[in-house]
Amino acid sequence: MAQRILIVDDEEKIRTLLSKYARHAGYESVEAGDGRTAVEICRAGNVDMVILDVMMPVLDGHEALRAIRTFSDVPVLMLSARGEEYDKVRGFKLGVDDYVVKPFSPKELMLRVAAILKRGGGDRSRETLGVAGLVVDPAARRVTVDGREVDMTPKEFDLLALLTARPGEAITRQELLDAVWAGEQPGSDRTLDTHIKQVRRAVGPYAQRIVTLRGVGYRFEEK
């Protein structure tokens, strides 16, 4: 079965061009015009690689990648019209496998895709998040508290994974909603708070590490 590549760019011409080259190289392709849709498709788990633009509406490439990394280690090649070192460093810290600056050669891009798929993407399979005693394993979607595995719903897990992936950072309510409820409408304004309450209950003695920032969002404290 042909490997499937998700091509994410708000410019239809670029999506069409890359889909054409991907099919010519023997891959299947699926397209998305914004980051939120890309997260939804990745969450379905039916892609082998993602080509992801940075500057997009609804959810930009960096935030989409951040959301994807809470539940998947699918290889990601990032596209950007900017080549500043800061943007590249940010992408690699978030878990990107390669970074290409626009304009680019579609042929060279497909060679990079082939190389990434051949080596199986980045070596993230053993990475865990959290602190001693609270271990979050994104690849296995497993959480253990003092050596005991705890049950969590998919959204509860995604919230905890996102918070522990950015220790010490203030993450706004909107960021959390965009990343975890991508494309969905939460039942009410209190849905996020209810889920955070359940996450705290699940992690037991580590609940106090999830700090409420009134009027802003939440932060995970490492220390």
side-chain contact (heavy atoms from CB on, under 4.5 Å) assessment of Asp48 paired with Leu6
CA-CA 8 Å; Asp48 298 290; Leu6 171 59; over 6 Å; no
Heavy-atom pair with the smallest gap, counting every atom of [X] and [Y]:
X: Phe157; Y: Asp137; answer: CZ-O, 3.6 Å
X: Ala202; Y: Asp151; answer: CB-O, 4.4 Å
X: Pro205; Y: Asp146; answer: CG-OD2, 3.9 Å
X: Ala67; Y: Val39; answer: CB-CG2, 3.9 Å
X: Arg69; Y: Val74; answer: NH2-O, 2.9 Å
X: Tyr206; Y: Gly133; answer: OH-CA, 3.2 Å

Looking at residues at least two apart in the chain, or sitting in another chain, which of them share a side chain to side chain contact (heavy atoms under 4.5 Å, CB included) with Leu111?
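None.
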Is there a donor-acceptor pair closer than 3.5 Å between any side-chain N or O of [X] and the backbone N or O of [Y]?
X: Ser19; Y: Arg15; result: yes
X: Arg209; Y: Glu222; result: yes
X: Arg173; Y: Asp193; result: no
X: Thr16; Y: Lys13; result: no

Atom [atom1] of [X] and atom [atom2] of [Y]: how far apart are they, to the nearest 0.5 Å?
X: Leu117; Y: Ile5; atom1: CG; atom2: CD1; result: 6.0 Å
X: His195; Y: Arg190; atom1: NE2; atom2: CZ; result: 13.5 Å
X: Ile51; Y: Glu31; atom1: CD1; atom2: CD; result: 10.5 Å
X: Tyr27; Y: Arg4; atom1: OH; atom2: CZ; result: 15.5 Å
X: Thr144; Y: Leu134; atom1: OG1; atom2: CG; result: 7.5 Å
X: Met55; Y: Asp10; atom1: CE; atom2: CG; result: 9.0 Å

Any heavy-atom pair between the side chains of [Y] and [X] that's under 4.5 Å?
X: Ser80; Y: Val101; answer: no
X: Phe104; Y: Leu18; answer: yes
X: Val180; Y: Glu175; answer: no
X: Val150; Y: Val203; answer: no
X: Leu77; Y: Leu79; answer: yes
X: Arg23; Y: Ser29; answer: yes
X: Glu11; Y: Lys102; answer: yes
X: Phe220; Y: Leu162; answer: no

Evaluate Glu169 against Arg219 for salt bridge (charged side-chain N to carboxylate O under 4.0 Å, His left out), listing each step before the verdict.
CA-CA 6 Å; Glu169 289 187 40; Arg219 180 180 64 234; over 6 Å; no
Is there a continuous path of hydrophobic side-chain contacts, each under 4.5 Å between heavy atoms, that joins [X] to [Y]?
X: Tyr21; Y: Leu109; result: yes
X: Val145; Y: Leu163; result: yes
X: Val58; Y: Ile68; result: no
X: Leu129; Y: Val131; result: yes
X: Ile210; Y: Leu177; result: yes

Would you check, one step at a time, whether the test salt bridge (charged side-chain N to carboxylate O under 4.0 Å, His left out) holds for Asp158 with Arg43?
CA-CA 11 Å; Asp158 290 345; Arg43 200 183 296 277; 2.4 Å; yes
Go through the steps to decide whether Thr37 and Asp34 satisfy the test side-chain contact (heavy atoms from CB on, under 4.5 Å), and finish with yes or no.
CA-CA 6 Å; Thr37 303; Asp34 62 76; 3.1 Å; yes
So if I apply the side-chain contact (heavy atoms from CB on, under 4.5 Å) rule between Tyr218 and each of Leu176, Val211, Val199, which one comes out positive?
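Checked Leu176, Val211, Val199 against Tyr218; only one passes side-chain contact (heavy atoms from CB on, under 4.5 Å): Leu176.
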Check against side-chain contact (heavy atoms from CB on, under 4.5 Å), Met78 and His62
CA-CA 9 Å; Met78 185 162 275; His62 287 125; 3.8 Å; yes
Begin with the C-alpha distance, continue with both residues' side-chain angles, and end with the deciding distance and a verdict on side-chain contact (heavy atoms from CB on, under 4.5 Å) for Leu160 and Val143.
CA-CA 9 Å; Leu160 181 61; Val143 176; 4.0 Å; yes
Quick one, Thr212 with Arg200, criterion side chain to side chain donor-acceptor pair (under 3.5 Å). Give me CA distance, side-chain angles, the key distance, then yes/no.
CA-CA 11 Å; Thr212 300; Arg200 284 175 170 149; 2.8 Å; yes
Counting only heavy atoms from other residues, nucleotides and ligands, does the tally under 6.0 Å from CD of Glu12 exceed 12?
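No.
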For the residue pair Ser105 / Arg112, report whether a side-chain donor-acceptor contact shorter than 3.5 Å exists.
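No donor-acceptor contact under 3.5 Å links the two side chains.
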